[in-house]
Amino acid sequence: MNDALQSWGRYPRARQRVIRLRDRFAPLPALESHALPRGSGRSYGDVCLDDGGTLLDARGLDRFIAFDPATGVLRCEGGMLLGTILDFCVPRGWFLPVVPGTRFVTVGGAIANDVHGKNHHASGSFGCHVRAFELLRSDGHRFTCTDADNADWFAATLGGLGLTGLIIWAELQLRRVPGAWFDTETLRFDRLADFFELSAQSARDHEYTVAWVDCTARGAALGRGVFSRGNHAAPPAGADAPRPARLRMPFTPPFSLVNGASLRAFNTFHFHRAPKLVRRASRHYLPWLFPLDHIREWNRMYGPRGFLQYQCVLPPATAQDGVRELLERIAASGTGSFLAVLKQFGGMPSRGLLSFPRPGTTLALDFANQGQRTFELLDRLDDVVAGASGAVYPAKDARMSGERFRQYFPGWRQFEAFIDPAFSSGFWRRVSL
Amino acid sequence: MSEQHILVVGATSAIAEAALRLWAARGCTLYLLARDEARVDAIAADLRVRGASAVHSGPLDVTDFAAHEHAIGLAWTTLGRVDAALVAHGTLPDQARCEADGNYALHEFAVNGTATIALAGLIVRKLEEQGHGTLAVISSVAGDRGRASNYLYGSAKAAVSTYLSGLRQRLHGRGVGVVTIKPGFVDTPMTAAFTKGPLWASPEHVARGIVRAIDRRRAVVYLPWFWRGIMAVIRCVPESVFQRIKL
């Protein structure tokens, strides 16, 4: 029963008892100390870890409860994977209104982190499409939350990092789509200012927009990258669905494969491979929305010490200068990831007390864990984010200070009252000190 | 064969539920028997959403032998015909407690051995009357040789495997198939307390093997396949040597 379950970033390590849940009618198991609900463990740092406690593994709560093919209202248990929902609903002409960059997350996890996708400017965060859910508390009390009933619990649980209780089931509003395909456009941009211009232009006609940035570029090329945008579309004639992922990182190499040299080579190549002018293509949703799902266990690439992801959002007023400064510091450090992502969030407000998405620009990237050096760099990035009145994403954090967290998420004080007395996480113990 | 009618005993077991999802996706008509009605209702709702043509269910405690005939009869009347039946209920007895407590041991033998045999016999009589259909029963590699760590369970499964072998021989050429499923280590709630290693399979993997074995009407299927080799070796070890090994 003692498993060394890790988070996706494989840092930090934690030891915890794991209890698997399978029966949505059963009470919570007897707990010896603190506990934390867990879905797929796809968050990066310690929001899904409970060192010294118990993980309530909810992946066995994976049943559909009801689906109305006329309205697209789907009710399912909290441990169901978004990928299972897509497999089910796409052939029936429906789609999840918001998906993150991997389909291997559970519904409960998507609610607990109020995740966002490439269509944030059009559709807001995942929580914007949750109609209801049932919460089970450690005292045995269970109740349904909507934005009308138990609205305060609804708001605390969206983005509530699993701390308010176990999400037993949820009811989601799906959206109609013409099929599994996207009409996409790709083009490259040479500097950061062009990203902001492209985002503003594209937001009107494209539901999905995202940019990859070359985090190694400096000087005049700073912030150069490749812009992608797209809309749901009918399948092109004679199109076949792509085969599911077959590639896998077979083992953890003894050192990180991501280093200064490989980064510069990959980023330069990736930038120059992209078309200068707009290139149109019909793409199936699997590779287009979930490119990293194609390589199973890609997180092993960073070696035994794991990696730290850093995602922040900066409000519109400070975004351009702030992102420039962040990119300068990252480029100067010579570290960073193959996949650095820049995206403009829209104005649709998140409904959670601790939701991360808010209007502005978000930047996300991974850093191989090089110990002190990495932590110091991330602290310096935190200085920029805090100075720009931005925020860092708890789902992807493993090291922000409590002081920073409370500054980024002023709703934390209100939120505290909703925490289940038996629940805790490594993240929460760290930031609430 | 499209739109099969399928009966499952022990429908809340992890392996049975995974197999039911595969049949639901094919649009089969399903009948679920299990002890816990709330859990069976939740599974039935899930299977309806996943595409089953119809899902029915009934209560059954497999150790209530007097109830077997009525429960199976009701399933038959509801479904009209049964193209495939899967018997999947089971527990993992605490071997040490079996040694100390004879009543407990006999009860566990009844759940995993006698009840399975009774249900298999009953279902096969109905398949014979009907003139077609396949019975699949989940036995275990544990039935291939008694081991100190779980020989009460192993002996119940040995009884099941031997019974099915005889049944299959008797029914040869009569249109009714009998499939013996022998899973190795499966990562289910029944084995939650075990440390998992590379030999462990998921319930979904085993379920795919079961559905395939029923489609192809195989006789004895080890799941995953490599257990056939492992058990062949274990069966060959002379008893004088075997008794000294710790397994």
Side-chain angles (χ1 to χ4, degrees), chain A residues 1-5 15 17-27 29 54-81 83-94 107 134 142 168-172 174 244 250-251, chain B residues 8 10-27 30 32 34-55 57 59 88 90-92 186-198 200 202-208:
Chain A
M1 286 282 255
N2 279 300
D3 281 308
L5 272 190
R15 287 208 71 85
R17 205 160 79 99
V18 179
I19 297 180
R20 293 203 221 170
L21 310 176
R22 259 173 64 79
D23 179 1
R24 73 168 179 265
F25 305 107
T54 301
L55 289 181
L56 302 171
D57 180 348
R59 283 174 301 176
L61 299 174
D62 65 344
R63 292 172 197 93
F64 289 107
I65 297 171
F67 175 65
D68 184 340
T71 60
V73 173
L74 173 81
R75 188 182 283 205
C76 66
E77 293 179 354
M80 177 164 279
L81 292 181
T84 309
I85 296 178
L86 290 171
D87 289 344
F88 167 78
C89 70
V90 173
R92 292 167 170 82
W94 296 92
V107 169
E134 185 183 69
R142 32 173 104 217
I168 295 290
W169 55 257
E171 191 172 278
L172 311 174
L174 305 184
F251 60 92
Chain B
V8 175
T12 55
S13 95
I15 294 174
E17 187 176 0
L20 282 161
R21 288 179 178 185
L22 298 172
W23 284 316
R26 288 186 184 178
L30 307 167
L32 281 45
R35 210 172 24 175
D36 184 335
E37 286 188 66
R39 286 184 58 200
V40 110
D41 287 347
I43 292 170
D46 173 67
L47 298 170
R48 280 184 203 109
V49 175
R50 285 175 193 264
S53 294
V55 187
S57 65
T91 55
L92 193 59
V186 190
D187 188 1
T188 66
M190 192 165 106
T191 56
F194 289 69
T195 310
K196 312 294 187 297
W200 286 75
S202 69
E204 291 75 24
H205 183 90
V206 172
R208 280 195 295 275

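Sequence lines set the chain letters: A, B, ... in the order given, protein chains first and strands last, and positions in each chain run from 1. Quick note: numbers below take in every heavy atom, side chains included, and nothing from hydrogens, waters or symmetry partners.
Distance CG/Asp23(A) to CD1/Ile43(B): 9.0 Å, rounded to 0.5 Å. Arg20(A) CZ to Asp187(B) CG: the interatomic distance, rounded to the nearest 0.5 Å, is 4.0 Å. Rounding to the nearest 0.5 Å places OG1 of Thr84(A) at 8.0 Å from CZ of Arg21(B).
Looking at Asp36(B) and Phe25(A), their side chains never come closer than 4.5 Å, going by heavy atoms from C-beta outward.
Looking at Ala26(A), there are no atoms closer than 4.5 Å to chain B (heavy atoms on both sides), in backbone or side chain. Ala14(B) touches chain A through backbone and side chain together, each having a heavy atom under 4.5 Å away. Within the 4.5 angstrom heavy-atom criterion, only side-chain atoms of Phe88(A), from C-beta onward, approach chain B. Within the 4.5 angstrom heavy-atom criterion, atoms from both the backbone and the side chain of Arg50(B) approach chain A. Residue contact with chain A, scored on non-hydrogen atoms closer than 4.5 Å, is absent for Leu47(B). The contact between Arg92(A) and chain B is made entirely by side chain atoms (from C-beta outward), counting heavy-atom distances below 4.5 Å.
For Arg142(A), the CZ atom sits in a packed shell: over 12 heavy atoms of surrounding residues, nucleotides or ligands are nearer than 6.0 Å.
Contact between Arg22(A) and Pro189(B) at its shortest, heavy atoms only, is CD-CG, 2.9 Å. Nearest heavy atoms, Ala66(A) versus Val49(B): CA-CG2, 3.8 Å.
Note: Asp62(A) leads Ile65(A), Asp62(A), Leu74(A) in heavy-atom pairs under 4.5 Å with chain B.
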